Structure formats: C-alpha cells, structure tokens
Amino acid sequence: MTDVDRSSAQEYSLDRDCTTLSRHVLQELQSFSAEAQDLSAVMNRIALAAKLISRRLSRAGLVEGALGFTGTVNVQGESVKRMDIYANDVFISVFKQSGLVCRLASEEMEKPYYIPENCPIGRYTLLYDPIDGSSNVDINLNVGSIFSIRRQEGDDLDGNARDLLQHGRNQIAAGYILYGPSTMLVYSMGKGVHSFTLDPSLGEFILNNENIRVPDHGPIYSVNEGNFWQWEESIRDYIRYVHRHEGYTARYSGALVGDFHRILMQGGVFLYPGTVKKPEGKLRLLYETAPLAFLMEQAGGRASTGTQDLLDVVPEALHARTPLVIGSKEDVALVESFIQEGARESQETAMTRS
Ligand code: AFP
C-alpha cells in the first residue's frame, strides 16, 4: 500500500466513523419539506430508546426483574414478558413531552397511548413492536424492536385511531433495531435502506451499510416447519420443492427481526403463512409486517401475503394480522406461484363437485 492509498483509506474510515445516524437522517431530509424536518428528532428519540433497551438486554441476566413473565396476558392473548413491558415503557417515556409524537400504538397496548401535550405540534404517530421475539430473551438469543412512523390524519376525537387503518405505502419511515452480538439500527425514509451499528464506547449509531440491496435470489428459506401439517397443501408443496432441490438451506431463529435481517443481507425468503385454522397467520400488520415490507421494497425485494402485495393491505383493526412472504423477488414469486397453483386446483375441484 502506498502512502497515498493509506491516507485515503484512513480518511474513508474516519468519514465512515463520523456518519452518525443523526447526521445521516439530516442528509436524507434535505429533499423533504421544511415541516418534515422534525423527523430527525423523532429518529433521535427512537435511537435513544434503542440504546436504553440494548443496555437493559446486555445485563438482563444480572438485573433483578429483567427476565421471565409478568403473569399477565396482552391484547393478543399472549403471555407478557417483563422485557416487553420495560421496552414498551421506554418508547413511551422517550416520547413524553417531546413535542414530536401525538400517539404511540404498540403491539403491547390495546389502544394507542395519547400524549395530548405533544399534539399541537407533533402530528406523527409511532407504531412499534417493543420486543419482537421475546421468547429469545430468557435464553440470551437475538431479539429486536420494529417501528413505523405515520402521519396523523384528522383529530382522532373518538380516540379510535381509525386513520391508522391505511395501507403500508403511507408509512413515512420504518425500521428495526436488532439486539444481537452488536446492536444495529436499520431504517428507511423511502430513499433506500441503511444500517448503523451502535458503538457503545461513543454511544452513537455509526453508519455501516448504505443503500442495502437484497439479492434477487438467495439460498435461505426461513419458516417454522413445525407448523407443516397446519398449513394449506400449497405451502407444504413449496416446502417439499425446496427439500427436493439443491441450493436451499433453512434458518429460523424465532425472532422475526433476526430472520428478516439475514434475508435482507443474504437473500432468500422468510415465510409466516396462515394455517387452515388461522388463515391470517400470527404477525401483526401495523407493527411487524408493514414496516418490514416497506424496508424490503426499498431494498429491491418484495413482500406479499401470498396473494397480494403486503403494502396494499388495508387493516380492518389496529391489531390485524397478515400472512407474510418476504425477501428476494424471485423467491417470493416462487412461493406465490405455489399458492396460486393451490388456489387454481381447489377451484377446479370445487367446480367438478358442483
Ligand atoms: P414472541 O415475541 O412471542 O416470541 O413472537 C415472535 C414472533 O412474533 C416473531 O418474532 C417470530 O418470527 C414468530 O413470532 C415466531 O413464531 P413461532 O414460534 O410460531 O414460529
């Protein structure tokens, strides 16, 4: 390496070290209107929540009351973990008296949390899943937080937040935090997908990957095959297909954010299909599938329910669920082709019977 090469490499790495999340968001906002500039403060608050949650998770085995269940059940009918409540409250407290966000809607709360003192100026709503994959917390495996920012429309006087029942293309920004060996924040404001790693010594999220592109095809399929006999035949046929063809490998962690991140970086497909008994599947549209669909499309991939583009789905309720097929374009299309074929066959069978 010549002296010139060495010095430009040093300059590059210094420049990279200096691209903090807040600087990056400000650059992204240059092409946004003046009234959207407060989004940078919203992102800074999300980053603060991420640091607080990350700190708690990194010591969870040592801190009293951090692990295990609270003994209550959430709006989804699922047992609540202590870390779910902690993380949910962290998001609320970082946005209180911020003047930024009028409502917070979370997977853990039946109704949105209103912050009336913010409403005169903060017309955004933050939707989030505070801890995704919380069953991983007690065994020290990766978990995540997912977020989405939407603009509030109307005054929501009856407190039902009906204006949130809109398709995913109306998201202003979306992202997630992955609490793994390192803590990463990945976001998009509709101009590409960018990832940042938390440098604990600086307390800053530093850019490590700009304009992430998902490959058009990848080797990974990520699905809970334990549900095999509960799926429709078409999903079983897809799984039989990947079993019989070379070049596929399975990965599944039980935490959507981690599985999604792998697909985003390496290509392939993540599936959480519906079952015969629960055709809508498990994952929540507003807090999980729509934000990740927004990111995946921004990275050049696709997200589908199996029969419809996920970003076109309009939820009927705040906690509505959707099946999810997300990842590389070609892999999503392959899963969809099995679902279409299954639908065609059942139609034919129904016609021959009648
Ligand atoms: P928990 O937060 O209750 O662990 O659920 C996690 C999750 O919503 C998502 O992160 C996983 O991809 C999915 O559920 C795992 O569900 P299965 O255990 O049914 O595969």
Side-chain angles (χ1 to χ4, degrees), residues 53 56-57 60 66-88 90-91 106-109 127-148 174-180 184 186 220-232 235-236 239 250-264 268-293 295-296 303-306 310 315 318-327 335:
I53 296 168
R56 178 103 172 159
L57 283 168
L67 299 177
F69 292 94
T70 60
T72 55
V73 170
N74 70 7
V75 57
Q76 327 287 343
E78 299 157 348
S79 300
V80 177
K81 296 239 160 189
R82 290 194 173 112
M83 196 53 88
D84 288 324
I85 297 302
Y86 173 83
N88 193 56
V90 163
F91 275 97
S106 143
E107 189 186 294
E108 296 301 328
M109 302 185 289
L127 299 107
Y128 63 106
D129 179 358
I131 295 284
D132 169 72
S134 51
S135 65
N136 278 5
V137 170
D138 289 353
I139 47 165
N140 193 28
L141 290 183
N142 70 269
V143 291
S145 302
I146 307 174
F147 62 89
S148 159
Y176 59 84
I177 299 116
L178 172 61
Y179 310 99
M184 293 187 83
V186 179
I220 293 154
Y221 72 101
S222 186
V223 64
N224 184 346
E225 288 196 52
N227 295 331
F228 191 85
W229 291 108
Q230 282 143 63
W231 294 326
E232 295 282 355
I235 300 292
R236 291 206 286 266
I239 296 299
R251 293 285 184 275
Y252 192 74
S253 74
L256 174 61
V257 168
D259 291 325
F260 175 90
H261 189 70
R262 187 198 299 270
I263 301 289
L264 182 69
V269 65
F270 174 93
L271 295 93
Y272 207 107
T275 58
V276 174
K277 281 196 192 142
K278 279 186 75 183
E280 70 284 9
K282 178 180 184 188
L283 304 174
R284 270 61 47 141
L285 180 86
L286 289 172
Y287 317 109
E288 294 172 305
T289 60
L292 296 184
L295 291 167
M296 192 49 87
S304 162
T305 60
L310 204 129
L318 278 185
H319 295 282
R321 298 166 195 253
T322 50
L324 178 66
V325 182
I326 194 165
V335 179

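Counting convention: from 1, in listed order, for ligands and their atoms alike. Everything numeric in this text was worked out from a predicted model, so none of it was measured.
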Quick check on contacts: which atoms of ligand 1 are under 4.0 angstrom from a heavy atom of Glu288? 8 (O)
Backbone, side chain, both or neither: what part of Asn224 comes under 4.0 angstrom of ligand 1, heavy atoms only? side chain
The closest protein heavy-atom partner of atom 1 (P) of ligand 1 is Ser134 N, 3.7 Å
Who pairs with Tyr287 by ring pair (Phe, Tyr, Trp, His ring centres under 6.0 Å), at least two apart in sequence or on another chain? His319
Taking 4.0 angstrom as the limit and counting only heavy atoms of Ser135, give me the atoms of ligand 1 inside it, by number and element. 4 (O)
Would you check the N or O atoms of Val257, main chain and side chain alike, for any that come under 3.5 Å of an N or O of ligand 1? no
With a 4.5 Å cut-off on side-chain heavy atoms, are Ser253 and Leu141 touching? no
So is Lys81 touching ligand 1 or not, going by heavy atoms under 4.0 Å? no
Please state which protein non-hydrogen atom is closest to atom 19 (O) of ligand 1 and give its distance, to 0.1 Å? Tyr272 OH, 2.6 Å
Going by the closest heavy atom to atom 14 (O) of ligand 1, which one wins out of Lys282, Arg321, Arg284? Lys282
Just which atoms of ligand 1 are under 4.0 Å from any heavy atom in Tyr252? 12 (O), 13 (C), 15 (C), 16 (O), 17 (P), 20 (O)
Closest non-hydrogen atoms of Gly180 and Asn142, given as atom of the first, atom of the second and distance, are CA-CB, 4.2 Å
Please state which part of Ala255 comes within less than 4.0 Å of ligand 1, counting heavy atoms only: side chain, backbone, both or neither. backbone
How far is atom 12 (O) of ligand 1 from its nearest protein heavy atom, and which residue and atom name does that atom have? Leu256 N, 3.4 Å
Donor on one side chain, acceptor on other, Tyr128 and Asn88, under 3.5 Å: yes
Roughly how far, to the nearest 0.5 Å, is CG of Leu295 from CD1 of Ile326? 8.0 Å
State the atoms of ligand 1, each with its element, that fall below the 4.0 Å cut-off from a heavy-atom position in Gly254. 6 (C), 10 (O), 11 (C), 15 (C)
His261 and Val186, any side-chain heavy atoms less than 4.5 Å apart: yes
Restricting to non-hydrogen atoms, name the atom on Asp138 and the atom on Gly68 that form the minimum distance, rounded to 0.1 Å. OD1-N, 3.1 Å
Verify the distance criterion only: is there a donor paired with an acceptor across the side chains of Thr289 and Tyr272 at less than 3.5 Å? no
Below 3.5 angstrom, do we get any N/O pair linking Asp132 and ligand 1? yes
Counterpart residues, ring pair (Phe, Tyr, Trp, His ring centres under 6.0 Å), relative to Phe270 (two or more places apart): none
Short version for Asp259: what comes under 4.0 Å of ligand 1, heavy atoms counted, is neither
